[in-house]
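Down below is the structure, laid out as structure tokens.
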Amino acid sequence: MIYQPMPIEFYQQPTLDLAKALLGCLLVKESPEGAASGYIVETEAYMGAGDRAAHSFGNRRTKRTEIMFASAGHVYTFMMHTHTLVNVVSGLTNIPEAILIRAVEPCDGLQLIKSRRHRVKQAVNRTNGPGKLTEALNITQEDYGRLLTEAPIYIAAGFVPDQVESGPRVGIDNTGDARFYPWRYWISGNPYVSKTRKIKEC
DNA sequence: GGGAAGATTTCCT
DNA sequence: GGAAATCTTCCCG
């Protein structure tokens with residue numbers, strides 16, 4: 001491993017605190033062709049049973065959401081159309097909370113990231129979205145259920161952000177009041193934060 | 001066993 | 001700004 005992973009205790013803080021604490025941390029994925037990593041610059045918290053936007057709303061327990069009920073520090077990946085999205089499981093065991101990683105700033109493996117995202121010309125557009133960064137770092141369904149405290153996928157200390165902002169989450173327009181909860185966090189002014197999509201008003 | 005929906009991205013007009 | 005891409009899971013017959 002090229003970095004020292006965060007201890008398991010790091011993941012055992014309250015979910016909203018962890019969502020903020022993850023900003024500036026380094027997400028690392030080691031693959032046969034080499035390691036790629038990026039600083040986390042944007043996250044979204046999903047607060048389990050009481051959060052209508054969460055897959056685990058109402059303690060819905062399925063093959064897909066099963067890992068959300070596990071202890072904090074596990075990897076929750078799922079497919080969205082043609083893309084993989086990655087979450088950090090948080091909360092106590094049987095409390096199905098998780099944090100979606102929405103954007104990273106590339107650090108290691110720039111050539112790997114470039115080749116995996118060869119269709120994209122602008123560097124900034126290679127990792128500024130949840131489905132983009134998984135392709136850039138080669139995070140797949142094979143990582144589902146893995147622990148973030150050891151290779152090949154883990155999170156290490158990075159830098160402490162100057163300023164952090166929060167606001168409504170993205171892409172969950174049909175979830176009632178849950179769409180207004182300010183559980184999206186990002187590093188102020190960072191160019192790799194994903195573009196804010198217009199929230200539908202009715 | 002079929003059909004629908006989804007925490008997205010990309011290409012085309 | 002809109003639609004297609006194209007996969008898995010879940011729910012309902």
Side-chain angles (χ1 to χ4, degrees), chain A residues 15-16 18-20 22-23 27 38 40-70 72 74-91 95-106 113-146 148 165-186 191-202:
Chain A
T15 296
L16 294 181
L18 181 58
K20 279 177 280 192
L22 282 170
L23 295 175
L27 175 64
I40 298 169
V41 299
E42 181 180 358
T43 59
E44 278 181 4
Y46 286 86
M47 298 298 285
D51 180 3
R52 200 175 150 190
H55 291 155
S56 54
F57 175 65
N59 275 325
R60 212 165 82 112
R61 193 165 190 152
T62 67
K63 189 177 179 183
R64 182 175 72 157
T65 64
E66 180 64 33
I67 198 65
M68 294 183 73
F69 292 81
H74 284 88
V75 177
Y76 171 35
T77 54
F78 69 94
M79 301 294 295
M80 179 61 183
H81 289 272
T82 55
H83 302 279
T84 302
L85 276 62
V86 63
N87 298 248
V88 176
V89 174
S90 65
I95 306 292
E97 299 174 350
I99 297 157
L100 171 68
I101 297 175
R102 288 195 58 87
V104 303
E105 176 176 340
I113 290 172
K114 186 176 179 180
S115 64
R116 287 167 181 158
R117 300 275 297 148
H118 58 90
R119 293 182 303 273
V120 179
K121 296 170 186 170
Q122 303 264 344
V124 71
N125 289 328
R126 294 190 183 123
T127 58
N128 64 343
K132 299 178 183 179
L133 72 92
T134 54
E135 186 175 11
L137 300 185
N138 191 35
I139 294 170
T140 69
Q141 282 294 65
E142 290 189 358
D143 294 307
Y144 180 97
R146 279 179 172 155
L148 284 165
E165 295 178 66
S166 68
R169 292 171 292 181
V170 178
I172 53 168
D173 295 342
N174 300 318
T175 56
D177 288 343
R179 68 181 166 157
F180 299 118
Y181 301 162
W183 292 340
R184 173 180 178 233
Y185 300 92
W186 67 93
Y192 291 89
V193 171
S194 70
K195 289 173 186 171
T196 324
R197 191 172 305 175
K198 186 170 65 177
I199 294 181
K200 219 178 283 181
E201 297 290 344
C202 7

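Convention: sequence-line order gives letters A, B, ...; per-chain numbering from 1.
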Checklist entry - Expressed as a whole number of Å, how far does the P atom of B:dA7 sit from that of C:dG1? => result 23 Å
Checklist entry - What interatomic distance, in whole Å, is found between P of C:dA3 and the corresponding atom of B:dA5? => result 16 Å
Has the side chain of [X] got a donor or acceptor atom that lies under 3.5 Å from a matching backbone atom of [Y]?
| X | Y | result |
| --- | --- | --- |
| A:Thr43 | A:Ile101 | no |
| A:Glu42 | A:Tyr185 | no |
| A:Arg61 | A:Met68 | no |

Checklist entry - Of the nucleotides B:dT8, B:dT9, B:dC11, which one has an atom closest to the side chain of A:Leu85? => result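 Side chain of A:Leu85 sits closest to B:dT8.
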Checklist entry - Which one, C:dT6, B:dT9, B:dT10, comes nearest to the side chain of A:Thr82? => result C:dT6
In whole Å, what is the span from the [atom1] atom of [X] to the [atom2] atom of [N]?
| X | N | atom1 | atom2 | result |
| --- | --- | --- | --- | --- |
| A:His83 | C:dA4 | NE2 | P | 16 Å |
| A:Arg126 | B:dT9 | CZ | C1' | 16 Å |
| A:Arg60 | B:dG6 | CZ | P | 11 Å |
| A:Met80 | C:dC7 | CE | P | 15 Å |
| A:Phe78 | C:dT9 | CZ | P | 13 Å |
| A:Glu135 | B:dT10 | CD | P | 7 Å |
| A:Met79 | C:dT8 | CE | P | 7 Å |

Next on the checklist: Return the pairing partner of C:dT6 with a 3.5 Å limit on both distances, Watson-Crick or G-U wobble; otherwise return none.
Outcome noted: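 No nucleotide pairs with C:dT6.
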Checklist entry - Does B:dA7 have a Watson-Crick or wobble mate here (both distances under 3.5 Å), and if so which one? => result none
Does a side-chain N or O from [X] land closer than 4.0 Å to OP1 or OP2 of [N], or not?
| X | N | answer |
| --- | --- | --- |
| A:Arg52 | B:dA7 | no |
| A:Arg102 | B:dT8 | yes |
| A:Arg117 | B:dT10 | yes |

Item to check | Residues, nucleotides or ligands: over 12 heavy atoms within 6.0 Å of A:Gln141 CD | outcome: yes
Next on the checklist: Check this for me: does any side-chain nitrogen of one of A:Glu135 and A:Arg119 sit under 4.0 Å from a carboxylate oxygen of the other?
Outcome noted: yes
Checklist entry - C:dA4 base to A:His81 side chain: any donor-acceptor pair below 3.5 Å? => result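 In this structure, the two groups form no donor-acceptor pair.
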